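Contents: one structure, followed by commentary.
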Amino acid sequence: MTAADDRYTVPALQRGLELLGQFNRHTPELSGADLARQLDLPRASVFRILHTLEKSGFVERVGDSNNYKLSIGVLRLGFEYLASMELTEHGRPVIDALRDQSGYSAHLVVRDNRDVVFVAKATGRSALFHSIQVGARLPAHATVLGRLLLSDLDMAALSALYPDRPLPAHTPKTPTTLAQLKALIDVDRANGYGISQGGYETGISTIAAPVFNDEHEVVAAVSITVPAQQLDASQTDVLVPQVQQAAAQLTQRMSHLPQPGHRPSKQQTPSEKIAA
């Protein structure tokens with residue numbers, strides 16, 4: 001920001017936004033003393049900011065303690081943002097139709113740095129997946145969803161995104177090196193879809209396909225979750241084309257590109273690719 005731009009900055013608002021940014025899934029609760037130390041601000045200033053945010057519904061006290069946590073006001077803003085996104089506007093009817101066709105919960109996800117973020121969902125018949133909420137995050141490197149969303153990145157870009165080694169292992173199937181991750185990314189990109197069978201959470205299989213913009217860059221992924229540790233050939237040969245079709249429909253809505261063929265070639269079905 002230039003010196004001229006600084007004239008229009010509101011310091012108190014900037015400090016309030018920086019304070020809200022200190023709360024995350026690893027530190028969901030913080031005291032005024034914690035925030036004062038992290039932001040290098042006087043405790044009196046932090047108290048006034050917290051009081052203002054509390055009255056506005058953006059933070060709330062945790063019981064009778066001195067700790068604070070984010071409140072419903074932040075969530076409301078998040079949902080309003082998601083509702084305003086063109087992607088979710090076009091994606092909701094697509095995943096609704098995919099849910100109706102497949103019978104399974106369908107999701108629309110995007111990537112935020114190293115996380116996969118669920119931005120829309122259509123709940124299937126099984127109550128098993130009702131807990132996957134809009135706004136939920138998963139580690140990109142450890143999920144098939146993330147591999148598809150990372151597929152535009154070359155090795156240099158992956159190295160910049162993941163400077164720390166090894167990559168965190170969430171299950172025995174999680175890639176822990178960039179070479180392993182890139183190999184999985186390349187396979188999914190070549191196939192035009194990805195399948196995870198108990199790869200991140202036991203008893204759950206995920207089928208996903210990428211959504212592209214008008215420059216053929218991956219901007220999202222469409223997926224379904226199946227309550228099964230393994231999928232048989234008859235399931236994948238039906239479900240994979242359904243997910244690909246949904247992703248292609250959303251790609252067409254978002255980019256106006258000609259809709260590509262969706263069914264795998266007659267020479268090799270999805271189940272045959274998985275077995276290869």
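Residues: numbered from 1 along the sequence shown. All figures in this text were calculated on a predicted structure; none of them were measured in a lab.
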pair Pro42-Phe47: side-chain heavy atoms closer than 4.5 Å
no

What are the two closest non-hydrogen atoms of His107 and Thr225, and how far apart are they?
CE1-OG1, 3.6 Å

Could you measure the distance from the CD1 atom of Ile195 to the CD atom of Gln235? Nearest 0.5 Å is fine.
10.0 Å

Inter-residue atom distance Leu250.CG - Leu108.CG, 0.5 Å rounding:
6.0 Å

Classify the side-chain pair Asp232/Ser234 by whether it contains a donor and acceptor separated by less than 3.5 Å.
yes

Common cluster, Leu53/Leu39, ILVMFWY with side-chain heavy-atom separation under 4.5 Å
yes

Give the cluster check for Tyr193 versus Val110: same hydrophobic cluster or not, with ILVMFWY residues linked at side-chain heavy-atom distances below 4.5 Å.
yes

Tell me the closest heavy-atom pair linking Val219 and Phe212, and the distance in Å.
CG2-C, 4.1 Å

Within-4.5 Å side-chain heavy-atom neighbours: Ile185 and Val187:
no

Give a yes or no answer on whether the side chain of Arg137 reaches the backbone of Gly135 with a donor-acceptor pair at less than 3.5 Å.
no

How many angstroms lie between OG in Ser159 and CG in Leu178, if you round to the nearest 0.5 Å?
5.0 Å

Working for side-chain contact (heavy atoms from CB on, under 4.5 Å), residues Thr9 and Gln14:
CA-CA 8 Å; Thr9 300; Gln14 184 176 27; 3.5 Å; yes

Do Ile49 and Leu77 share a hydrophobic cluster (ILVMFWY, side-chain heavy atoms under 4.5 Å, transitive)?
yes

Is there a donor-acceptor pair under 3.5 Å between the side chain of Gln180 and the backbone N or O of Thr176?
yes

Can you check whether Leu161 reaches Arg114 side chain to side chain, under 4.5 Å on heavy atoms?
yes

Between Asp34 (side chain only) and Ser31 (backbone N and O only), is there a donor and an acceptor less than 3.5 Å apart?
yes

So do Leu35 and Arg43 actually touch side chain to side chain, heavy atoms under 4.5 Å?
no

For Leu150 versus Tyr162, what's the shortest heavy-atom pair and its separation?
CD1-OH, 4.0 Å

Is the count of non-hydrogen atoms from other residues, nucleotides or ligands lying under 6.0 Å from Asn66 atom CG greater than 12?
no

Contact check, side chains of Arg253 and Pro93, non-hydrogen atoms, under 4.5 Å
yes

Give the ring-plane orientation class for His170 versus His141, where under 30° counts as parallel, over 60° as perpendicular and anything between as tilted.
tilted

With distance as the sole test, does Thr27 use its side chain to make a donor-acceptor pair with the main-chain N or O of Glu29 at under 3.5 Å?
no

Please walk me through it: do Leu167 and Leu181 pass side-chain contact (heavy atoms from CB on, under 4.5 Å)?
CA-CA 9 Å; Leu167 302 176; Leu181 176 60; 4.1 Å; yes

Please evaluate residues Lys69 and Leu30 with respect to the criterion side-chain contact (heavy atoms from CB on, under 4.5 Å), reporting the C-alpha separation (whole Å), side-chain torsions for both, the decisive distance (0.1 Å), and the verdict.
CA-CA 7 Å; Lys69 64 180 180 180; Leu30 291 166; over 6 Å; no

Quick check: closest heavy atoms across Val211 and Ala247, and the distance to 0.1 Å?
CG2-O, 4.0 Å

To the nearest 0.5 Å, what is the distance between NZ on Lys121 and CD1 on Ile95?
10.0 Å

Counting N and O atoms only, with roles assigned by atom type, does the side chain of Asn213 sit under 3.5 Å from a partner on the main chain of Glu215, one being a donor and the other an acceptor?
yes

Would you mind reporting whether Gln242 and Ser102 have side-chain heavy atoms less than 4.5 Å apart?
yes

Got a second to check how far Gln133's CD is from Thr123's OG1, nearest 0.5 Å?
8.0 Å

Give a yes or no answer on whether the side chain of Arg147 reaches the backbone of Gly194 with a donor-acceptor pair at less than 3.5 Å.
no

Looking only at side-chain N and O atoms, does Arg61 offer a donor or acceptor that is under 3.5 Å from a partner on Tyr68?
yes

From CG (Asp115) to CG (Leu145), nearest 0.5 Å
12.0 Å

Examine Leu153 and Leu148 and state if one hydrophobic cluster contains both, with Ile, Leu, Val, Met, Phe, Trp and Tyr joined whenever side-chain heavy atoms are less than 4.5 Å apart.
no

Do the side chain of Ser45 and the main chain of Leu41 share a donor and acceptor less than 3.5 angstrom apart?
no

Can you hop from Leu239 to Leu98 via hydrophobic side chains spaced under 4.5 Å?
yes

Side-chain heavy-atom pair Val226, Thr206 within 4.5 angstrom cut-off:
no

Output, in order, the C-alpha distance, side-chain angles, deciding distance and verdict of side-chain contact (heavy atoms from CB on, under 4.5 Å) for Ile207 and Leu231.
CA-CA 10 Å; Ile207 302 173; Leu231 300 174; 3.8 Å; yes

Closest heavy-atom contact between Val74 and Phe58?
CG2-O, 3.5 Å

Is Asp186 salt-bridged to Lys182, going by a charged N under 4.0 Å from an acidic O?
yes

Tell me whether Thr174 contacts the main-chain N or O of Ala169 through its side chain, where contact means a donor paired with an acceptor under 3.5 Å.
no

With heavy-atom distances below 4.5 Å as the criterion, would you say the side chains of Phe23 and Leu70 are in contact?
yes

Heavy atoms only: give me the nearest Val222-Ala246 pair and the separation to one decimal.
CG1-CB, 4.1 Å

Any sub-3.5 Å donor-acceptor pair from Thr88's side-chain atoms to Gly91's backbone N or O?
no

